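Below is one structure, written out as structure tokens; comments come after it.
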Protein chains: 2
Amino acid sequence: MSQTRMTKQRMVILEELRKVDTHPTADEIYAMVRSRIPRISLGTVYRNLDLLAESGEILRLEAAGTQKRFDGNTMHHQHVRCIRCGRVGDVMHPLDVPQPERAAAKGFTILTARVEFEGICDHCTAHS
Amino acid sequence: MSQTRMTKQRMVILEELRKVDTHPTADEIYAMVRSRIPRISLGTVYRNLDLLAESGEILRLEAAGTQKRFDGNTMHHQHVRCIRCGRVGDVMHPLDVPQPERAAAKGFTILTARVEFEGICDHCTAHS
DNA sequence: CTTGTTGCAAACTCTTTGCACTTAG
DNA sequence: CTAAGTGCAAAGAGTTTGCAACAAG
């Protein structure tokens with residue numbers, strides 16, 4: 001079994017990330033951490049973010065895959081994404097979902113739901 | 001004002017996308033379209049998917065930006081994303097959101113919500 | 001005709017990885 | 001000690017873009 005060592009790098013990445021509520025990207029974290037460990041590499045930041053996310057110490061938003069997906073159906077409906085392979089399906093009646101037994105999404109076993117709101121931040125409202 | 005021309009390429013991309021409900025990625029669409037227009041380029045596929053999504057003829061899933069974001073707060077909470085700049089904020093009491101006036105997400109004006117379910121598709125269940 | 005669109009290839013952005021060296025435990 | 005982790009640089013994956021030729025309206 002592979003152990004996990006609390007290196008200075010991992011420690012600082014975790015500390016810096018916990019200081020803010022801005023949901024920074026990897027390169028933003030890289031910049032934050034570099035003020036304390038100037039010679040840290042971006043690769044190390046990525047590796048540690050992975051490890052920290054796997055161990056549940058931090059969250060990675062948009063768990064969704066790296067590729068964008070398109071849908072020819074523009075009717076209002078929601079999606080299910082397979083956490084293993086990334087395959088995406090449609091959910092037609094979201095309100096039926098709470099009871100996992102009634103498969104609202106055919107072909108998928110739903111485990112959790114994430115709600116993502118979209119809007120405009122005050123900063124952008126001000127500068128429009 | 002720039003016009004928009006219905007080229008054979010754009011037509012076929014739209015037709016192929018409407019044939020399926022698999023939410024294909026750009027390169028999957030590229031493969032589908034190439035069976036009908038062998039010399040089409042991947043760049044053309046990307047350009048047309050952009051145009052079609054902008055005109056509302058198709059949907060682009062995960063409107064979210066291209067970079068992954070991380071969160072040091074592992075408590076259960078949801079996110080708001082600015083559709084203009086990509087900035088992400090926290091939503092603490094999702095149930096308050098329906099009334100836009102009560103700003104559940106400070107610093108953001110919420111426009112819409114997307115629910116994304118996560119689960120495991122039958123294909124992956126079978127092969128585990 | 002005029003200007004939007006295409007194919008191609010090069011450029012870009014973000015993320016991952018191989019390797020020799022370093023270091024936590 | 002020794003295996004996990006690091007820095008660096010190169011490689012990958014996915015997407016975007018400049019440009020000359022092409023074609024829709």
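Lettering follows sequence order; numbering is per chain, from 1. Keep in mind the model is a prediction, meaning the values are calculated, not measured.
Between the OH atom of A:Tyr30 and the P atom of D:dT6 there is a distance of 14 Å, given to the nearest Å. Rounded to whole Å, the distance from CG on A:Leu51 to P on C:dT16 is 12 Å. One can place CD of B:Gln3 at 9 Å from P of C:dT5, the figure rounded to the nearest angstrom. In this structure, CG of B:Leu42 is placed 15 Å from P of C:dA10, rounded to the nearest angstrom. In this structure, B:Asp50 places its CG atom 15 Å from C1' of C:dG4, rounding to the nearest Å. Remark: C1' of D:dG14 and CD1 of B:Ile29 are 14 Å apart, rounded to the nearest angstrom. Distance A:Met6 CE to C:dG25 P: 8 Å, rounded to the nearest Å. Atom CG of A:Leu49 and atom P of D:dG5 are 14 Å apart (whole Å).
Contact annotation: the side chain of B:Ile29 approaches that of B:Leu17 to within less than 4.5 Å [non-hydrogen atoms, C-beta and beyond].
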Do any N or O atoms of the protein come closer than 3.5 Å to N or O atoms of nucleotides 17-22 of chain C, and which pairs are they?
unit_1, atom_1, unit_2, atom_2, d
C:dG18, O6, A:Arg47, NH1, 3.3

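How far CG of A:Leu14 is from CG of A:Asn48: 9.5 Å, rounded to the nearest 0.5 Å. The distance from atom CD of A:Gln3 to atom CZ of A:Arg5, rounded to the nearest 0.5 Å, is 8.5 Å.
A sub-4.0 Å separation between OP1 or OP2 of C:dT3 and a side-chain N or O of B:Thr4 is absent. Of the side-chain N and O atoms in A:Arg5, none sit less than 4.0 angstrom from OP1 or OP2 of C:dT23. Considering only side-chain N and O atoms, B:Arg10 lies nowhere under 4.0 angstrom from the phosphate OP1 or OP2 of C:dG4. B:Thr7 has a side-chain polar atom (N or O) that falls below the 4.0 Å cut-off from OP1 or OP2 of C:dT6. Of the side-chain N and O atoms in A:Gln9, none sit less than 4.0 angstrom from OP1 or OP2 of C:dA24.
Axis deviation across the helix from C:dC1-D:dG25 to C:dG25-D:dC1 amounts to 40°, comparing end segments of five pairs, rounded to 10 degrees.
In this structure, the salt bridge (charged side-chain N to carboxylate O under 4.0 Å, His left out) partners of A:Lys19, at least two apart in sequence or on a different chain, are A:Glu16. For A:Ile37, the side chain to side chain contact (heavy atoms under 4.5 Å, CB included) criterion is met by A:Lys8, A:Gln9, A:Val12, A:Val33, A:Ile40, not counting sequence neighbours. Scanning for salt bridge (charged side-chain N to carboxylate O under 4.0 Å, His left out) contacts around B:Glu15 gives B:Arg36, with sequence neighbours left out.
For residues 41-56 of chain A, every residue pair satisfying the salt bridge (charged side-chain N to carboxylate O under 4.0 Å, His left out) rule, not counting sequence neighbours, is listed here: A:Asp50-A:Arg60.
Contact detail for B:Tyr30 and B:Ser41: the closest heavy-atom pair is CE1-C, 3.8 Å. Contact between B:Pro24 and B:Glu28 at its shortest, heavy atoms only, is CA-OE1, 3.0 Å.
Judged by closest nucleotide on DNA chain D, A:Ile40 is the one of A:Ile40 and A:Phe70 placed further toward the 5' end.
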